[in-house]
Amino acid sequence: MAGEKTAKVPLAAYERELLRLQTELVKLQEWVRTEGARVVVVFEGRDAAGKGGTIKRVAEHLNPRVARIAALPTPTERERTQWYFQRYVEHLPAAGEIVLFDRSWYNRAGVEHVMGFCTKEEHQLFLRQCPIFERMLVEAGVLLRKYWFSVSDAEQQKRFRRRLKDPTRRWKLSPMDLESITRWEAYSRAKDEMLVHTDIIEAPWFVVESDDKRRARLNMIAHLLSTVPYREVPPPVLELPERPPSTGYVRPPRDLQTFVPDHAASL
């Protein structure tokens with residue numbers, strides 16, 4: 001049952017199933033491209049809940065011209081004066097595209113609300129307008145999928161500690177991330193209120209339990225694939241041509257070029 005402690009997915013089984021699912025994602029991509037479909041996938045959740053790692057696995061083998069990641073920075077002064085959803089609209093997909101939102105317009109329901117970056121009136125306006133905005137997307141033919149990555153407080157603490165000690169992950173931590181520890185309940189209440197208003201029939205929320213990152217990635221990708229009526233598109237028939245005979249080309253001397261030093265030879 002959901003919430004019960006389960007064994008972590010073995011690495012070998014995880015890698016085998018991930019590759020299978022990623023192969024299916026490539027098929028989905030080709031269907032989207034040939035059918036002119038528009039797909040939006042929203043990734044939300046607490047800091048260190050595993051969103052980024054999952055997005056990386058989703059996009060790993062996809063064509064960046066078809067599937068792109070939208071991770072918007074802090075809004076500019078001009079963007080702060082726009083209609084809230086305006087800056088997100090320009091990142092929505094055209095025909096034949098997939099957009100993966102690494103955080104989305106739901107910033108207003110979470111971090112902006114909890115940290116006081118928006119007014120109470122702006123927050124309430126968002127909760128009223130968001131379902132309307134998303135219904136408009138769905139009615140226009142956009143395939144919208146929303147995933148909330150749920151991590152326990154204990155697991156989040158472990159991940160924060162690992163990031164503090166790992167120089168390759170330190171950049172993932174900000175003072176705001178650390179402050180979220182002291183506002184755990186405030187974020188919980190904000191998430192609950194968000195779900196009440198925005199978990200709509202046309203665009204429901206799907207919760208991904210993410211204490212086990214491997215399990216979360218497999219479950220999320222498998223679910224996404226199950227919700228899109230894609231089919232395998234036969235690839236074009238390609239044949240490798242024969243290399244033509246030489247016409248006398250001679251490479252210039254090596255000493256006329258600057259080569260990268262052979263660092264690998266020192267290992």
Side-chain angles (χ1 to χ4, degrees), residues 25 28-29 31-45 47 49 51-52 54-56 58-59 62-149 176 190-191 193-206 208 220 223-224 227-230:
L25 283 171
L28 168 65
Q29 166 193 266
W31 175 82
V32 167
R33 184 179 60 81
T34 58
E35 293 294 322
R38 290 169 292 165
V39 178
V40 170
V41 186
V42 169
F43 295 79
E44 290 288 344
D47 297 314
K51 302 179 300 296
T54 303
I55 293 171
K56 180 179 179 180
V58 170
L62 300 183
N63 183 345
R65 293 185 178 89
V66 176
R68 54 189 168 83
I69 300 170
L72 276 61
T74 302
T76 64
E77 288 300 320
R78 180 176 184 276
E79 287 171 334
R80 287 191 180 96
T81 67
Q82 295 175 343
W83 175 50
Y84 177 71
F85 295 94
Q86 188 170 336
R87 68 191 296 251
Y88 294 98
V89 169
E90 65 178 279
H91 295 276
L92 293 173
E97 294 180 347
I98 301 169
V99 177
L100 310 173
F101 276 96
D102 185 355
R103 294 202 180 277
S104 64
W105 45 89
Y106 282 99
N107 273 342
R108 177 136 296 179
V111 63
E112 290 189 16
H113 172 52
V114 173
M115 301 299 293
F117 297 151
C118 68
T119 66
K120 292 181 179 179
E121 292 75 19
E122 288 172 331
H123 175 242
Q124 290 302 309
L125 180 62
F126 169 83
L127 295 178
R128 290 197 303 272
Q129 290 187 341
C130 184
I132 300 171
F133 173 66
E134 292 182 350
R135 287 189 182 102
M136 291 173 64
L137 295 181
V138 174
E139 289 173 0
V142 173
L143 299 175
L144 174 61
R145 303 293 182 267
K146 304 184 305 191
Y147 293 95
W148 176 270
F149 284 72
M176 194 178 302
K191 181 261 294 182
E193 186 175 11
M194 177 195 79
L195 291 178
V196 167
H197 288 84
T198 64
D199 187 17
I200 58 177
I201 294 175
E202 297 87 348
W205 276 103
F206 298 101
V208 181
M220 180 268 151
H223 181 270
L224 173 63
T227 67
V228 180
Y230 73 99

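- Taking the six-membered ring for Trp and thresholds of 30 and 60 degrees, F85 and W83 have ring planes inclined between 30 and 60 degrees apart.
- Side-chain contact check for R80 versus T74: some heavy-atom pair is nearer than 4.5 Å.
- Looking at heavy atoms from C-beta onward, M220 lies in side-chain contact with V58 at the 4.5 angstrom threshold.
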Side chains of residues 34-44: which donor-acceptor pairs under 3.5 Å do they make with residues two or more places apart or in other chains?
from : atom 1 : to   : atom 2 : distance (Å)
T34  : OG1    : E30  : O      : 2.9
T34  : OG1    : W31  : O      : 3.3
E35  : OE2    : R231 : NH2    : 2.7
R38  : NH2    : A140 : O      : 2.4
E44  : OE1    : R103 : NH1    : 3.4
E44  : OE2    : S104 : N      : 2.7
E44  : OE2    : S104 : OG     : 2.8

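- Applying the salt bridge (Lys or Arg N to Asp or Glu O under 4.0 Å) criterion to K146, with sequence neighbours excluded, gives E134.
- L143 has its side chain within reach of V228: a pair of non-hydrogen atoms, C-beta onward, lies under 4.5 Å apart.
- In this structure, the side chain of Y84 does not engage the main chain of E122 through any donor-acceptor pair within 3.5 Å.
- Of the possible donor and acceptor atoms, none in the side chain of R135 sits under 3.5 Å from a partner among the backbone N and O of I200.
- Between Y106 and V111 the shortest side-chain heavy-atom distance does not fall below 4.5 Å.
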Self-check item: Trace of the ring-ring contact (aromatic ring centres under 6.0 Å, His included) decision for H113 with F126
Solution: CA-CA 10 Å; H113 172 52; F126 169 83; over 10 Å; no
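- The residue from R65, R68, R33 that alone fulfils the salt bridge (Lys or Arg N to Asp or Glu O under 4.0 Å) condition with E97 is R68.
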Quiz prompt | E202 vs M136, side chain to side chain contact (heavy atoms under 4.5 Å, CB included): CA-CA, chis, key distance, verdict | solution = CA-CA 10 Å; E202 297 87 348; M136 291 173 64; over 6 Å; no
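- A donor-acceptor pair is defined here as one N or O able to donate and one able to accept, closer than 3.5 Å; no such pair exists between the side chain of Y88 and the backbone of L72.
- Checked against side chain to side chain donor-acceptor pair (under 3.5 Å), E139 has no partners two or more places apart in sequence or in another chain.
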